[in-house]
Amino acid sequence: MLGYGVGLRRQHYSHVLETRPQVDWFEVVSENFMVAGGRALEVLEGVRASYPIAMHGVSMSIGSTDPLNRDYLKQLRDLARRFEPAWISDHLCWTGVGGRNLHDLLPLPYTEEAIRHVVARIREVQDALERPILIENVSSYMAFADSTMTEWEFISAIADEANCGILLDINNIFVSAFNHRFDANEYIDAMPAERVVQYHLAGHSDHGTYLLDTHDHPVRDEVWALFERAVRRFGAVSAIVEWDDNIPEFAELANIAERARDIFNEYSTKTTGKPALPADHRA
Ligand SMILES: [Fe+2]
């Protein structure tokens, strides 16, 4: 349990290095640091000296039918050997096919065939990275007519069969539930508790007939309500806030992390009589 943290973004590099703000941990985007040298790696060294980190990728394309990119996996493994993240995660999606990159996190058909395909690839990735990974549920805007199960059945089966963890993006569940008209509570309730290792909290934009996962707004009240449900069901699980556009001052992100901690401590006080995770627990 790393506690409550923030997704590290370029705009906050100097602030974080100069002031060492009181957050529990940082999630870093792996690809930003898969470079030979320079400022990015210096920043990561500085951050890592004071905080635990997890590495979160966007380019694994675990669902694609293209061969896994061995150079990418080797670079990722080398970065992990150097910076010792608590874990490595990426998305349950595909980002391209036929050698073309679509620069988007695209959903899969929820079928037995896709489960077998993805499970085999996660196992290969875990061997190459020398550790288990977490897979994250993505938000989506279309569904495949071929699907034979729900998204939560699909991700649960993959995590079980590949023996990997789940990074549960609470906002993505809310966005997809609205777009596809399913019950977000049912999704949370169906997750295998022992596999949920991390949460993402984020904002989205509301286009009336659909929601778009833009990470450019505060976390919505309905998403906080879903987070509370997740905390009641899964207990102590690490969380971070993701914000990728119109990025606010660091303090606003830290406040979201603190609100998540307060919700967890309120739950913990109710069930055990004492808060589990005071803000100074790193010390
Ligand atoms: Fe996410």
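Heads up: numbering here begins at 1 and tracks the sequence. All values reported here derive from a predicted model rather than from experimental measurement. When a ligand or atom number is given, it counts from 1 through the structure's own listing order.
- Glu136 contributes atom OE2 as its closest N/O/S atom to the Fe ion (ligand 1).
- Side-chain atoms of Tyr187 and Glu151 form a donor-acceptor pair, as typed in the model, at a separation below 3.5 Å.
- Taking a cutoff of 4.0 Å between a charged side-chain nitrogen and a carboxylate oxygen, Lys270 and Glu266 qualify as a salt bridge.
- The distance from the Fe ion (ligand 1) to the nearest N/O/S atom of His200 is under 2.8 Å.
- The cationic group of Arg48 does not satisfy the cation-pi geometry with Tyr51, failing either the under 6.0 Å distance to the six-membered ring centre or the 45° limit from the ring axis.
- Of all the N, O or S atoms in Glu242, the one closest to the Fe ion (ligand 1) is OE1.
- Note: the hydrophobic cluster containing Leu17 also contains Val6 (ILVMFWY, side chain heavy atoms under 4.5 Å, direct or indirect links).
- When you scan the N, O or S atoms of Asp169 for the one nearest the Fe ion (ligand 1), you land on OD2.
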